[in-house]
Amino acid sequence: MCGIVAATASRNIVPVLIEGLTRLEYRGYDSAGIAVLNPTLTRLRSVGRVAELAAQAEGQVAHHGIAHTRWATHGVPSERNAHPHVSAGLAVVHNGIIENYAELKQELLAAGYVFTSDTDTEVIAHLIQETLKSDGDLFAAVRRATARLIGAYAIAVLREWDESLVVARHGAPLLLGLGEDGNYAASDASALLQVTRRMIYLEDGDIAELRRDAIRIVGAGGTAMRIPEDRAVHESTLSADDVELGEYTHYMQKEIFEQPQALAATLELIGGAQAVSPNLFGVAAPEMLSGLRSVLILACGTSFHAGLVARYWIEQLAGVPCSVEIASEYRYRASVANPEQLVVAISQSGETADTLASIKHAKAQGMGRTLAICNVPESAIVRECALRFLTRAGPEIGVASTKAFTTQLAALFLLAVTLARQAGRLSAEQEAGHLAALRHLPVAVQKVLALEPAIKAWAGRFADKQHALFLGRGHHYPIALEGALKLKEISYIHAEGYPAGELKHGPLALVDKNMPVISIAPNDALLEKLKSNLKEVAARGGELYVFADADSVFDEEAGLHVLRLPEHYGLLSPVLHVVPLQLLSYHVALVKGTDVDKPRNLAKSVTVE
Ligand code: M6R
């Protein structure tokens, strides 16, 4: 989604702003812009790639500026709607959505302001300008103006002849970067690694003033925050290499192939242990996880699918009832609160607006046992939860989530084993066996990745198709959902995931020779039932693509294509079976020539509702 970079420094900050925007491209955007002071305001904007903006900015020199990549919410993608938005010498960039913008716009129109865009952001620019009439200080004006905004925002503001930049956040991420030669702000740490590793994560309600040699932060209550006592300075451990493509063509491809190391890094947390410790989830975990009656998992998209797999594990291993709900539904539903329930938020980014709001909603109902499973330390969701498990997938840049998913699964399996241990349902031998199976995952995934040439050979047969059906049963049903999501988001082929047993209750009507049916067929207790379901497809002329285990038995028949995974993996099998589906969607997208890492209309971090 939208990205912000801001800088005030003794060096020329124009290349810093452009490089920062380039680093934020992965979040998804449709237009970009910068505003710099020299000392009057220069604004440059373009629709399309940051490279086009960079060409426009060539030769510009400035020490003070703000920049933005926009993902359209209010108003179509166009230059007039691209940020920054200005109001007489004042410029604003904004991430988020201002819910009361229409009402504020009426007021500002009545006061004589002329609007040149369809955005909610322009309202912020004029509102600050209007506030400055009675209070000439930019920082004070931003404070007073933002107090009138309803919704989520991270903003950066600059004005002509002013030595300071002002930034503010409420419900959208923003951090400060403390550099040697100046100070910086961005919506994502990766934008600032080029100039500093020293970061301060702003909290909701914070407003900060940045000068070349000083910063000050005022918290929601109006109190000055002490640094580092109230706002800690973090040394980012992100490496520039983590966000480089290296030998790969796409981030998605890189991230699929990084899964063995992402899993190994995540599983370092258990070392060679034969038993799990609840402390893996935080110091308060032994108390919070004891005596649990049920688990509620909240998430969106791929993270939701990880939750669906976890439900099978938690109920089977721990005997604890587990429900999984899409965060955007839960947050507005009149659900029945259960303070004894563990509420688990799963999120790669830790910033997904609906997941964050769903956790806040659960807490507001007295459900204080909260756990974040997240890939980004210090993200809003991590900070909102009492307990945390940080996956170590490294930055995930491709919009299609891959390594974040498999590391989430590893974390959730550890949770299931921990709850099973707490419930006294595991022998020492069983527990050690589960941990050994987890530790073997990186090697097992590596072997699955070796199937790539065969999967690539299949991809060409999908590229001209309009629709595809993914089938699975048991704990592989969520993998069917995930396979369908991957295919639709990057290749734009309409795909549905179904539990195979549900086929004859409706989707079978869709099956004909033009409908490829992809099935996950591990050699488990449901294999024979699944085979009967696949016969129903074959009888209707459907083309079957089956991902089986080495020891799953299939008779050869026309229209049936089988690829075998090297190992049969029992409970953890979903972690392996998702990998060929990621590779399949990647190669279908390559054949179709779509923008793999930045699929149309999508964004990496969904920070708005
Ligand atoms: O950062 P999160 O895990 O909270 O993101 C949730 C979804 O937006 C995300 O998984 C999305 O579905 C992916 N693009 C799927 O590949």
Side-chain angles (χ1 to χ4, degrees), residues 1 26-28 71 171-173 187-188 190 250-253 255-256 259 262 297-310 324-331 344-360 371-385 388-391 393-409 411-412 470 478-479 481-493 495 497 578-579 581-586 588-589 594-609:
M1 295 227 136
Y26 78 94
R27 294 174 73 98
W71 187 84
S187 48
D188 187 322
S190 59
H250 295 101
Y251 282 105
M252 182 186 184
Q253 178 195 26
E255 288 154 10
I256 290 173
Q259 289 179 106
I297 298 179
L298 302 169
C300 303
T302 288
S303 297
F304 171 70
H305 297 156
L308 290 178
V309 176
V324 191
E325 191 156 348
I326 288 184
S328 56
E329 285 299 311
Y330 174 77
R331 66 181 287 195
V344 182
I346 309 173
S347 174
Q348 185 284 131
S349 62
E351 303 292 351
T352 301
D354 284 320
T355 309
L356 179 60
S358 71
I359 277 288
K360 289 183 175 169
L371 163 66
I373 293 184
C374 188
N375 195 37
V376 181
E378 297 303 326
S379 57
I381 289 172
V382 169
R383 281 183 276 133
E384 196 63 41
C385 290
R388 63 185 61 181
F389 184 102
L390 296 175
T391 50
E396 192 180 65
I397 310 286
V399 164
S401 188
T402 52
K403 62 178 181 173
F405 179 69
T406 42
T407 53
Q408 285 166 353
L409 289 180
L412 288 160
F470 285 73
I479 299 303
L481 293 175
E482 175 61 7
L485 176 60
K486 287 282 93 78
L487 189 70
K488 70 184 125 187
E489 74 179 321
I490 61 165
S491 74
Y492 316 150
I493 294 173
V578 75
V579 174
L581 304 186
Q582 297 168 345
L583 284 168
L584 181 67
S585 60
Y586 174 69
V588 173
T594 54
D595 192 343
V596 172
D597 288 330
K598 300 183 213 68
R600 68 184 181 204
N601 307 337
L602 298 182
K604 182 66 185 166
S605 265
V606 187
T607 50
V608 296
E609 273 195 64

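Atoms within each ligand, like the ligands themselves, are counted from 1 in listed order. FYI, the numbering just counts along the sequence from 1.
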*Asks:* Determine whether L412 and V309 make a side-chain contact, defined as any pair of heavy atoms from C-beta on separated by less than 4.5 Å.
*Replies:*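 No, side chains not in contact.
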*Asks:* With atoms numbered from 1 as shown, which atoms in ligand 1 lie under 4.0 angstrom from a non-hydrogen atom of E489?
*Replies:*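 Near E489, meaning under 4.0 Å from one of its heavy atoms, ligand 1 has 13 (C), 14 (N), 15 (C), 16 (O).
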*Asks:* Considering G398, C374, G301, G350 one by one, which has a heavy atom nearer to atom 12 (O) of ligand 1 than any of the others?
*Replies:*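 Among G398, C374, G301, G350, the closest heavy atom to atom 12 (O) of ligand 1 belongs to G301.
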*Asks:* At less than 4.0 angstrom from any non-hydrogen atom of S347, what atoms of ligand 1 do you find?
*Replies:*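 With S347 as reference, the close atoms of ligand 1 come out as 1 (O), 2 (P), 3 (O), 4 (O).
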*Asks:* So is there a nitrogen or oxygen of Q348 less than 3.5 Å from a nitrogen or oxygen in ligand 1?
*Replies:*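 In this structure, Q348 places an N or O atom under 3.5 Å from an N or O of ligand 1.
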*Asks:* Check each atom of ligand 1 against the heavy atoms of S401 and keep those under 4.0 Å away; list them by number with element.
*Replies:*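 That gives atoms 15 (C), 16 (O) of ligand 1.
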*Asks:* Quick one: look up the protein heavy atom nearest atom 13 (C) of ligand 1 and list residue, atom name and how far away it is.
*Replies:*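 So the nearest neighbour among protein heavy atoms is V399 O, 3.7 Å.
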*Asks:* Distance to 0.1 Å, residue and atom name: give those for the protein heavy atom nearest to atom 6 (C) of ligand 1.
*Replies:*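 Looking only at protein heavy atoms, the one closest to atom 6 (C) of ligand 1 is C300 O, 3.3 Å.
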*Asks:* Say whether K486 and ligand 1 are in contact under the criterion: heavy-atom distance to a ligand atom below 4.0 Å.
*Replies:*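 True for this residue.
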*Asks:* Check I359, V344, I373, L371 against C385 for a side chain to side chain contact (heavy atoms under 4.5 Å, CB included) and give me the one that passes.
*Replies:*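 Among I359, V344, I373, L371, the one meeting side chain to side chain contact (heavy atoms under 4.5 Å, CB included) with C385 is I359.
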*Asks:* Would you say A400 and ligand 1 have an N/O pair spaced under 3.5 Å apart?
*Replies:*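 Min N/O separation from ligand 1 is not below 3.5 Å for A400.
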*Asks:* Just by distance, with hydrogens left out, do T406 and Q259 show a side-chain donor and acceptor under 3.5 Å apart?
*Replies:*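 Judged by distance alone, the side chains do pair up.
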*Asks:* Measuring only between side-chain heavy atoms, which start at C-beta, is F389 closer than 4.5 Å to I346?
*Replies:*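 No, too far: nothing below the 4.5 Å cut-off.
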*Asks:* For a 4.5 angstrom cut-off between non-hydrogen side-chain atoms, does S358 reach E325?
*Replies:*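 A side-chain contact under 4.5 Å is absent here.
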*Asks:* Just which atoms of ligand 1 are under 4.0 Å from any heavy atom in S303?
*Replies:*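 In order of numbering, the contacting atoms are 2 (P), 3 (O), 10 (O).
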*Asks:* Among all protein non-hydrogen atoms, which one is nearest to atom 9 (C) of ligand 1, and what is the separation to 0.1 Å?
*Replies:*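 Nearest neighbour among protein heavy atoms for atom 9 (C) of ligand 1, to 0.1 Å: T302 N, 4.1 Å.
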*Asks:* What is the nearest protein non-hydrogen atom to atom 4 (O) of ligand 1, stated with its residue, atom name and distance?
*Replies:*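 Protein heavy atom at minimum distance: T352 OG1, 2.4 Å.
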*Asks:* Please identify each residue that fulfils side-chain hydrogen bond (donor to acceptor under 3.5 Å, both in side chains) with E396, with sequence neighbours left out.
*Replies:*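 Counting only residues at least two positions away or on another chain, E396 forms a side-chain hydrogen bond (donor to acceptor under 3.5 Å, both in side chains) with S401, K604.
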*Asks:* Given side chains that start at C-beta, do those of T302 and K486 come closer than 4.5 Å, heavy atoms only?
*Replies:*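 The answer is yes; the side chains approach within 4.5 Å.
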